[in-house]
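Remarks on the structure that follows.
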Amino acid sequence: MPDNDKHKEAKECYPDIPQKTEGFFLKGSNSLDWGIKNRLARIFNPESGRTVMLAIDHGYFQGPTRGLERCDLNILPLVPYADTLMLTRGILRSIVPPSTSKSIVLRVSGGTSILKELSNEDIAVDIEDSIRLNACAMAVQVFVGGEHERESIINMTRMVDMGTRYGIPTLAVTAVGKDMARDARYFRLATRICAELGAHYIKTYYVAEGFETVTASCPVPIVMAGGKKIPELEALTMAYRAIQEGAAGVDMGRNIFQSEYPKAMIQAVNAVVHQNETPERAFDLYNTLKNDS
Ligand code: R5P
């Protein structure tokens, strides 16, 4: 081979530039398989490392929740401002256009209603349907301390096993019984149990005292659940604090879709999550967008 060709060949292989081995951007997720990481990277924005999940799965146990009566009219206009939609397969198939490029987190536990004991859930979606629906994660309710604690934890571990087989992450949703204390001690316990047993990320409520101990002692990402509707500035303040205290995003429902101006609210939440916007500035943004609409 002429010398020129040899040089050209060597140049094209860039032997002096070592191939990069990049770490994965999400906490505790570096040793996961490619498919799971790729799906997580569709839920969490790799640039900010955070997510705005729009939770609209409430109907799976409480029927047509206020604001969700007509998901086609009330929710679809919000989708462009979310990173992810968290919902049931029923609403996904009947309402959400398959042309959407948004990632889907599918509610896969269920079997109870508000008329009965809520912790008595089972796995309510076959893993094949999650694959068929191109889900980026499967959400399972975990009732630590609840009447059916054991069954709900085992539901979660079964989803982790099945999801790992097919590269789909599991989101553990910590559910708190009506009479149980919602404090940092409880959430450290509940989130850590879910993480130890394999959940890829965990949704939990915010607590004003010690939330940073919940995120710090949980080895995988935590997203903050919104909870009952509160005034917009308070909801933005809660989201801001959760993010600044270590949450990797929010999974909010009622505080967005029950807002008087849901489109303005989701954009304000987005600014808090992805741009570290303060609650006051995000509230200004909400008011500006609200007036626009
Ligand atoms: C409730 O069990 C559902 O998982 C909801 O997705 C969750 O409660 C988040 O919605 P919200 O922000 O309305 O509490």
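We use all heavy atoms of the structure for the numbers below, so side chains are in, but hydrogens, waters and symmetry mates are not. Counting starts at 1 for both ligands and their atoms, in listed order.
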Would you call the rings of His58 and Phe257 parallel, tilted or perpendicular if under 30° counts as parallel and over 60° as perpendicular? perpendicular
Go ahead and list the nitrogen or oxygen contacts between ligand 1 and the protein that come in under 3.5 Å, distances to 0.1 Å, or just say none.
{"unit_1": "ligand 1", "atom_1": "2 (O)", "unit_2": "Gln141", "atom_2": "NE2", "d": "3.2"}
{"unit_1": "ligand 1", "atom_1": "4 (O)", "unit_2": "Asp57", "atom_2": "OD2", "d": "3.0"}
{"unit_1": "ligand 1", "atom_1": "4 (O)", "unit_2": "Arg107", "atom_2": "NH2", "d": "2.9"}
{"unit_1": "ligand 1", "atom_1": "6 (O)", "unit_2": "Asp57", "atom_2": "OD1", "d": "2.4"}
{"unit_1": "ligand 1", "atom_1": "6 (O)", "unit_2": "Lys203", "atom_2": "NZ", "d": "2.9"}
{"unit_1": "ligand 1", "atom_1": "10 (O)", "unit_2": "His58", "atom_2": "NE2", "d": "3.0"}
{"unit_1": "ligand 1", "atom_1": "12 (O)", "unit_2": "Gly226", "atom_2": "N", "d": "3.2"}
{"unit_1": "ligand 1", "atom_1": "12 (O)", "unit_2": "Gly227", "atom_2": "N", "d": "3.3"}
{"unit_1": "ligand 1", "atom_1": "12 (O)", "unit_2": "Gly253", "atom_2": "N", "d": "2.8"}
{"unit_1": "ligand 1", "atom_1": "13 (O)", "unit_2": "His58", "atom_2": "NE2", "d": "2.7"}
{"unit_1": "ligand 1", "atom_1": "13 (O)", "unit_2": "Arg254", "atom_2": "N", "d": "2.9"}
{"unit_1": "ligand 1", "atom_1": "13 (O)", "unit_2": "Arg254", "atom_2": "NE", "d": "2.7"}
{"unit_1": "ligand 1", "atom_1": "14 (O)", "unit_2": "Gly227", "atom_2": "N", "d": "2.8"}
{"unit_1": "ligand 1", "atom_1": "14 (O)", "unit_2": "Arg254", "atom_2": "NH2", "d": "2.8"}

Measure from the ring center of Phe25 to the ring center of Phe44 and say whether it is less than 6.0 Å. no
Output the distance between atom CG (Leu285) and atom CZ (Arg281), rounded to the nearest 0.5 Å. 9.5 Å
Just jot down the salt bridge (Lys or Arg N to Asp or Glu O under 4.0 Å) partners of Arg182, sequence neighbours excluded, or say none. none
Salt bridge between Asp129 and Arg132, side-chain N to carboxylate O under 4.0 Å? yes
Are there over 12 heavy-atom neighbours, none belonging to Arg185, within less than 6.0 Å of that residue's CZ? no
